[in-house]
Protein chains: 2
Amino acid sequence: MTTMKEIAEQTGVSVSTVSLVLNDRDAGRVKASIAAQVRDTARKLGYRPNPLARSLRTSRTRILAFVSEEIATTPYAGGIILGAQDAASTLGYMLFTVNADGRVDEETEIATLKRYGVDGFMYAKMSNRYANVPSSLGDYPVVLVDATDREGRFPSIEPDEFRIAYDATKRLIDAQCERIAYVGCSELMLAQDGRLEGYRRALEDAGRKFDERLVVNVLNNGPALQAVSDLFDREKPDGVFCFNDARAWYVYECAARRELTIGKDVSVVGVDNHRVFAETFSPQLTTVELPHYEMGYWATCKLVSMIEDRDLSDLQLPHTTAALPPLDAPIPAKIHCTLIEKESVRR
Amino acid sequence: MTTMKEIAEQTGVSVSTVSLVLNDRDAGRVKASIAAQVRDTARKLGYRPNPLARSLRTSRTRILAFVSEEIATTPYAGGIILGAQDAASTLGYMLFTVNADGRVDEETEIATLKRYGVDGFMYAKMSNRYANVPSSLGDYPVVLVDATDREGRFPSIEPDEFRIAYDATKRLIDAQCERIAYVGCSELMLAQDGRLEGYRRALEDAGRKFDERLVVNVLNNGPALQAVSDLFDREKPDGVFCFNDARAWYVYECAARRELTIGKDVSVVGVDNHRVFAETFSPQLTTVELPHYEMGYWATCKLVSMIEDRDLSDLQLPHTTAALPPLDAPIPAKIHCTLIEKESVRR
DNA sequence: GTGAAAGCGCTAACAG
DNA sequence: CTGTTAGCGCTTTCAC
């Protein structure tokens, strides 16, 4: 590891000059020729600043904290973290990923993170819901990921649940489905609210009536299959919008037992949570792809823009979220969803 | 953040004394009464050392790096990382988790990690295979996770693939299955080698003959279902050991189409990769639980023991890996697998 | 036993 | 324009 001191010695200037130049604060303060020399030997020696030493002075570490509760249990958490990591890396930051879920106390973790001098926090839930941000985070820049701050203090990045459901249902309408069911989630959460509303509105916008009997909310378990089965027998749906791919599997199973072909007798759109199912088991499924990677990416950009007071709006997302695919595409296709950014009420 | 200086002033001693005491290096160097006073005010002020400042002097950061390639695509990566994090937290370390898979160059990431002064590296693959550890890691403590160093330079933690297959097959034998098939993985990897060998040996130890026709190796795709279907028609297996739960699904599907009941007409043991499937879709499946969490945990302990030259053998794993469950358990049960630790050939 | 002093690598006032 | 100086919070040698 070469240091500024070495560069200073080699170039025959003082450390301060080197510091000035290498931090690009030499405009009209250091002679251009000297600056050039400094930069030259720096490059020659392969100089890279020591972030720890710098932090000690500036009390800025260029380290971000990603605090999550359900990192282990949720398969797609990886996507969010990956996006966050890529963004951090691109912006010159490092990421401490900690889970507050396990046997380690959340407050302790946050305290440790603070001691390490992180510049800001991402606070993530693993499916869109209201969150209580710990008050210990109050004086730091914070961005919520896949969650909404119940008190409206912090900005957040989350999927547009309403639009997900609206687009998915619209897709089924456009595919000429007459009896469109919704297999939802009986757990109380933001996502479920938005989804149900989007489903209802898409139907109404198409001049149809919302019918409660076509809706069933279930969990991931045995009774769920029975409930979906009942819906099939009672309502004979020809199109189903599913809360996620675990729910889609019940539909898939019910259809198989009735010798109905997915994509022909009954069209299914499912929101893709696990990926396993959509990719491996049911190629006939139309999936709404949740942009987890992008969520992590955007959240990080947002956080950095808050920290540095920098405008990051020119930053291109590596994978752009597209709108609905064209309708002449075959029904098994992917629907991309967009993200929304909620601003903090009081910053 | 209270500093040593403040403690020194409050107690009326010098900073060096405080440092000595608070690092427990005061045996016979500082008067006991003074030491007590120092500790007292430290506690009163809620003193916590600044790890950055300490690192600058000691060039030890108590930060570990977890470098992985497939963090995003593999659902169960979270378990490994969670285990690593919990262990790190318990041992007083932080964890930088980076993926070398994305758009960021692995060498660049490693260089950055080094600049931040990490004390050691975990290098993880997401299913047991040979790995080429980058030479830039050569002079650091390194532990491989779910992989084996091709050159034998570094120790590793990995599942005992042979025993997984042996135990699973034995279980089917004990369940009175006569025609036990193996649905394996056609990708070349360590895990597959060990699994096939364990399957074969369990059969032979039971006095049965290994029969190639009962083995089919597939990928995760359409032709896979066909291949398993052919095996069913041709061999009429009454027991199947599956490489992972994605493969188990093909078996499940084939059975359903032939009106065979899993757990009655045909017993299935699958290694659980995704969890989704086993938990949500097929409660009849006997699963071999891969101890991902434990792998991460152990790897971290191993790494720390290398860094600190500390003996961590007394450290209890939070979830212990059990042996086979008793045979009077109903066939849908969980089989726990053990981990093995490979030592480096030359350290 | 205890404290003064130096220094890890870097930044930022302030002289000159 | 450039160098000197001080100091971020901590550890560590070395006098006293």
Side-chain angles (χ1 to χ4, degrees), chain A residues 1-39 41-42 45-63 92 111-112 114-119 308, chain B residues 1-39 41-42 45-63 92 111-112 114-119 308:
Chain A
M1 293 278 109
T2 98
T3 71
M4 281 195 176
K5 198 174 164 194
E6 287 165 31
I7 298 177
E9 279 163 4
Q10 288 247 350
T11 326
V13 292
S14 80
V15 184
S16 356
T17 307
V18 175
S19 173
L20 241 32
V21 172
L22 261 27
N23 287 313
D24 292 324
R25 324 184 113 283
D26 59 322
R29 331 238 277 102
V30 178
K31 219 195 301 182
S33 64
I34 302 240
Q37 261 180 277
V38 169
R39 272 183 245 273
T41 51
L45 265 46
Y47 171 78
R48 308 258 54 202
N50 179 329
L52 264 45
R54 173 180 285 172
S55 302
L56 198 55
R57 267 304 345 206
T58 59
S59 58
R60 293 253 334 272
T61 52
R62 302 186 75 86
I63 299 178
T112 310
K114 283 183 172 180
R115 287 198 292 122
Y116 272 89
V118 298
D119 293 338
E308 302 188 355
Chain B
M1 294 279 105
T2 97
T3 71
M4 282 195 175
K5 198 175 165 194
E6 287 165 30
I7 298 177
E9 280 162 4
Q10 289 246 352
T11 325
V13 293
S14 80
V15 184
S16 352
T17 308
V18 175
S19 173
L20 240 31
V21 174
L22 262 26
N23 286 313
D24 292 323
R25 323 184 116 282
D26 60 322
R29 330 240 275 102
V30 177
K31 220 193 303 180
S33 65
I34 301 239
Q37 262 182 274
V38 169
R39 272 182 247 275
T41 52
L45 266 46
Y47 171 79
R48 309 258 54 203
N50 178 330
L52 265 46
R54 172 180 284 173
S55 302
L56 197 55
R57 270 303 339 211
T58 60
S59 59
R60 292 253 335 271
T61 53
R62 302 186 75 86
I63 299 177
T112 309
K114 283 184 173 180
R115 287 198 293 122
Y116 271 89
V118 297
D119 293 339
E308 301 188 355

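Quick note: numbers below take in every heavy atom, side chains included, and nothing from hydrogens, waters or symmetry partners. We name chains A, B, ... by the order of the sequence lines, and we start the count at 1 in each one.
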- Which part of the nucleic acid, if any, lies within reach of A/Ser16 when heavy atoms closer than 4.0 Å are counted: base, sugar-phosphate only, or nothing? base

- Contact class for A/Leu20 vs. all strands (heavy atom < 4.0 Å): base, sugar-phosphate, or nothing? nothing

- Message: It should be established whether A/Thr17 places a side-chain nitrogen or oxygen under 4.0 Å from OP1 or OP2 of nucleotide D/dT2.
- Response: no

- Message: Considering every strand and a 4.0 Å limit on heavy-atom distances, what is the contact class for A/Val15: base, sugar-phosphate, or nothing?
- Response: base

- Query: Below 4.5 Å, heavy atoms only, C-beta onward: do A/Tyr47 and A/Arg39 meet side chain to side chain?
  - Reply: no

- Touch class at under 4.0 angstrom, heavy-atom based, for A/Leu52 against every strand present: nothing

- Message: With rounding to the nearest 0.5 angstrom, report the CE to CG distance, B/Met4 to B/Leu20.
- Response: 9.5 Å

- Message: Let's see if you can work this out: which of C/dC10, D/dC10, C/dT2 has an atom nearest to the side-chain heavy atoms of A/Asn50?
- Response: C/dC10

- Query: Should A/Ser19 be listed as having a side-chain N or O under 4.0 Å from OP1 or OP2 of C/dT11?
  - Reply: yes

- Query: Would one find a side-chain N or O of B/Tyr47 under 4.0 angstrom from OP1 or OP2 of D/dC10?
  - Reply: yes

- What nucleic acid atoms does A/Arg54 come within less than 4.0 Å of, heavy atoms only: base, sugar-phosphate, or nothing? sugar-phosphate

- Query: Side chains of B/Ser14 and B/Thr17: is there a donor and an acceptor less than 3.5 Å apart?
  - Reply: yes

- For A/Arg62 and C/dC10, give me the distance from atom CZ to atom C1', rounded to whole Å. 15 Å

- Just call it for B/Asp26: base, sugar-phosphate, or nothing, with non-hydrogen atoms closer than 4.0 Å on any strand. nothing

- Message: Please report the distance, rounded to the nearest Å, between CD1 in B/Ile34 and C1' in C/dT2.
- Response: 8 Å

- Query: Considering heavy-atom distances to DNA chain C, does B/Val30 or A/Arg25 have its closest nucleotide positioned more toward the 5' end?
  - Reply: B/Val30

- In whole angstroms, how far is the P atom of D/dT2 from the CD atom of A/Gln37? 10 Å

- Short question: side chain of B/Thr41, backbone of B/Thr11 - any donor-acceptor pair under 3.5 Å? no

- Return the 5'-most residue of the pair B/Gly12, A/Met4 with respect to DNA chain C, ranking by each residue's nearest nucleotide. B/Gly12

- Query: What's the spacing between B/Lys5 NZ and B/Gln10 CD if we round to 0.5 Å?
  - Reply: 13.5 Å

- Item | Nearest-Å distance for atom pair CZ/C1', residues A/Arg115 and D/dC10 | 14 Å

- Note on the structure: Taking C/dT2, C/dG9, D/dG3 as options, the one with an atom nearest any side-chain atom of A/Val13 is D/dG3

- Item | Candidates A/Ile34, A/Ile7, A/Val30 - the one meeting side chain to side chain contact (heavy atoms under 4.5 Å, CB included) with A/Val13 | A/Ile34

- Message: Rounded to whole Å, how long is the line connecting atom CG of B/Leu22 with atom P of D/dT11?
- Response: 8 Å

- Atom-to-atom span, CG of B/Leu56 to P of D/dG7 - whole angstrom: 17 Å

- Starting at the 5' end of DNA chain D, which residue's closest nucleotide do you reach first, B/Arg29 or B/Pro51? B/Pro51

- To the nearest Å, how far apart are B/Tyr116 OH and C/dG9 C1'? 14 Å

- Message: Using a distance-only criterion (donor-acceptor N/O pair, under 3.5 Å, no hydrogens), is the base of D/dG7 paired with the side chain of A/Arg57?
- Response: yes

- Task: Using whole Å, report how far CD of B/Glu9 lies from P of C/dT2.
- Result: 18 Å

